[in-house]
Peer 1: 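The following block contains the structure, expressed as C-alpha cells.
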Amino acid sequence: MTLRALIEAEIAAHGPMPVSRYMELCLSHPRHGYYMRQQPFGAAGDFTTAPEISQMFGELVGLWLVHMWQVAGAPERFTLLELGPGRGTLMADILRAARLAPGFLDAAEVHLLESSPRLREVQRAALGDIRHIGRLADLPEAPVFAVANEFFDALPIRQFVKNDFGWQERLIGAGLQWQLGATTPRPDLDAAFPALETGRIVELNAAARALAGTLTRHIAAHGGAALVIDYGAFDGVGDTFQALRAHKKVDVFAEPGTADLTAHVRFKDLVQNGVAHGFTTQGAFLQALGIAARAEALNDATALHRLTDAAEMGELFKVLALVPPGTGEIAGFADGS
Ligand code: SAH
C-alpha cells in the first residue's frame with residue numbers, strides 16, 4: 001500500500017484531516033515517512049542546508065555557543081543539544097571549533113533530539129559519543145546550550161482562514177483536495193492575529209510552541225541559551241506550506257512521502273515568557289561573527305555568498321536567540337531584539 005492510499009483510507013474513515021496530520025504522515029510515517037526513508041540532504045537530495053554548504057556555518061555557531069557558555073560562567077557540566085541534526089554535520093563542525101575553548105568539551109554532554117531511527121544511525125556514525133533523546137522533557141537538569149537549524153520548519157502546522165464570523169480550518173479531504181471546516185470562534189487566533197483582513201490564511205505550529213516552551217522553562221530554571229535558525233519571519237501571516245523535491249518546489253499532494261514538506265517559521269511564537277531574545281537575519285548574524293575573514297582564510301567566496309547574500313540565504317533565513325533574562329547584548333545580534 002502506498003502512503004497516498006493509507007492517507008485516503010484514513011480520510012474515508014475519519015473525515016478530512018488537518019494539514020498537521022498530513023505532514024506527520026508524510027514526514028514521519030514509520031515505513032513511508034520522508035525522514036524515515038529518503039536521503040534528503042545535499043546536492044543529490046532535495047535540499048541543501050547551511051551546514052552542508054560550508055564548515056564555516058557550524059564553526060561560527062560553535063563559537064557562539066562557546067561564548068554563551070563563557071558568559072554563563074563556564075558551567076562544569078552542561079548539555080550541548082541539537083534538535084533535528086540531519087547528517088550530524090553541524091554538530092561535527094561545532095565540536096571541532098569548540099576544541100579551541102579550554103574546558104568546553106570536557107564539560108559538554110552531547111544530546112540529540114531526533115525522531116528518525118535511520119538518521120540516528122547516521123548521526124551516531126558521524127559523531128560517536130552522543131546520546132539521543134526522544135523528548136525534550138528527558139533533558140538532564142543542567143544548563144542547556146542548544147541549536148536547531150532547519151528543524152522547526154519540519155514540524156506540523158495547522159492552517160486557518162479568517163471569515164466575518166470566525167475561523168475555518170483548511171482541511172485535506174477525499175482525493176487530496178482542499179476543503180474548509182466549519183466556522184468556529186477562535187479567540188486565540190483573534191489575539192495572535194489582530195486586525196487581520198477576512199480571507200487571509202494563518203498558520204499555527206503547536207509543536208513548535210510546545211518545544212520552545214520546554215526550552216524556555218529549562219533555560220529559565222537551569223541556565224543556558226538556544227539558537228534557532230530557519231526560514232520565516234518574526235510575525236508572518238499567509239500560506240507558506242510547501243513541498244521540495246530535488247531542489248524544486250512541487251505540489252504538496254504529489255506522491256506523499258517523497259518530498260520534504262515544510263512551513264515558514266513564525267519566530268514570535270517561539271518567544272515566550274521567561275527568557276530574553278535576539279532576532280536578526282542569517283546574513284547579519286554570520287557577518288557579525290566574522291564570517292568574511294573566515295571565508296577569506298578558506299578561500300571560499302562562493303559559500304560566503306550563498307550563506308549571507310540577500311538574494312541567497314542571507315535574508316530569508318533568520319536567527320533567534322533565547323537567553324536568560326538580564327544577559328544584556330547578545331553576540332551576533334548587534335541590532336538588538
Ligand atoms: N539540522 C540539519 C537537518 C535539518 S532536516 C541540517 O541543517 O542539515 C530536519 C531534521 O529534523 C532531520 O534530522 C529530521 O529527521 C528531524 N526531525 C524532523 N521532525 C522531527 C521531530 N518531530 N522530532 C525530532 N526530530 C525531527
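Read the numbers this way: they start at 1 and go in the same order the structure lists the ligands and their atoms. Below, each value reflects all heavy atoms present in this structure, side chains not excepted, and no hydrogens, waters or symmetry copies.
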Peer 1: Numbering the atoms of ligand 1 from 1, which are under 4.0 Å from a heavy atom of Leu119?
Peer 2: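 Atoms satisfying the 4.0 Å criterion: 12 (C), 13 (O), 15 (O).
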
Peer 1: Using the side chain to side chain contact (heavy atoms under 4.5 Å, CB included) rule, pick out the option among Arg186, Arg170, Gln168, Arg200 that qualifies with Phe160.
Peer 2: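 Of the listed options, the one satisfying the test is Arg186.
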
Peer 1: Can you check whether Phe267 and Phe152 have ring centres sitting under 6.0 Å from each other?
Peer 2: no

Peer 1: Which residue supplies the protein heavy atom nearest to atom 7 (O) of ligand 1, what is that atom called, and how far is it?
Peer 2: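 So the nearest neighbour among protein heavy atoms is Asn149 ND2, 2.8 Å.
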
Peer 1: Does any N/O atom on Leu155 come nearer than 3.5 Å to any N/O atom on ligand 1?
Peer 2: no

Peer 1: To which protein heavy atom is atom 4 (C) of ligand 1 closest, and what is the distance rounded to 0.1 Å?
Peer 2: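 The protein heavy atom lying closest is Glu150 O, 3.3 Å.
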
Peer 1: If you draw a 6.0 Å radius around CD in Glu197, do more than 12 non-hydrogen atoms from other residues or ligands fall strictly inside?
Peer 2: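 Enclosed.
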
Peer 1: Measure from atom 14 (C) of ligand 1 to every heavy atom in Arg87, Arg135, Glu114 and give the option owning the shortest one.
Peer 2: Glu114

Peer 1: Tell me if the aromatic rings of Phe333 and Phe285 count as close, with their centers under 6.0 Å from one another.
Peer 2: yes

Peer 1: Under 4.0 Å from ligand 1, counting heavy atoms only, is it the side chain of Leu83, its backbone, both or neither?
Peer 2: neither

Peer 1: Out of Ser115, Gly84, Pro51, whose heavy atom sits nearest atom 26 (C) of ligand 1?
Peer 2: Ser115

Peer 1: Decide yes or no on salt bridge (Lys or Arg N to Asp or Glu O under 4.0 Å) for Glu203 and Arg266, but give the supporting numbers first.
Peer 2: CA-CA 8 Å; Glu203 296 175 337; Arg266 192 166 184 265; over 6 Å; no

Peer 1: Quick one: do Arg21 and Glu24 make a salt bridge, cutoff under 4.0 Å?
Peer 2: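 Here Arg21 pairs with Glu24 in a salt bridge, since their nearest N and O are under 4.0 Å apart.
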
Peer 1: Within the 3.5 Å criterion, strictly below it, is a donor on Asn149 or Thr49 matched to an acceptor on the partner's side chain?
Peer 2: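 On atom types as modelled, these side chains do not qualify, holding no pair under 3.5 Å.
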
Peer 1: Evaluate Tyr35 for polar contact with ligand 1, using N/O atom pairs at a separation under 3.5 Å.
Peer 2: no

Peer 1: Going by heavy atoms, is Leu90 under 4.0 Å from ligand 1?
Peer 2: no

Peer 1: Which of the atoms of ligand 1 are close to Glu82, meaning less than 4.0 Å from one of its heavy atoms?
Peer 2: 1 (N)

Peer 1: I'd like to know if Leu105 and Val110 are part of one continuous hydrophobic network [Ile/Leu/Val/Met/Phe/Trp/Tyr, side-chain heavy atoms within less than 4.5 Å].
Peer 2: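 Same cluster: Val110 reaches Leu105 through Ile, Leu, Val, Met, Phe, Trp or Tyr contacts under 4.5 Å.
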
Peer 1: Determine whether the side chain, the backbone, both or neither of Thr49 has a heavy atom under 4.0 Å from any heavy atom of ligand 1.
Peer 2: side chain

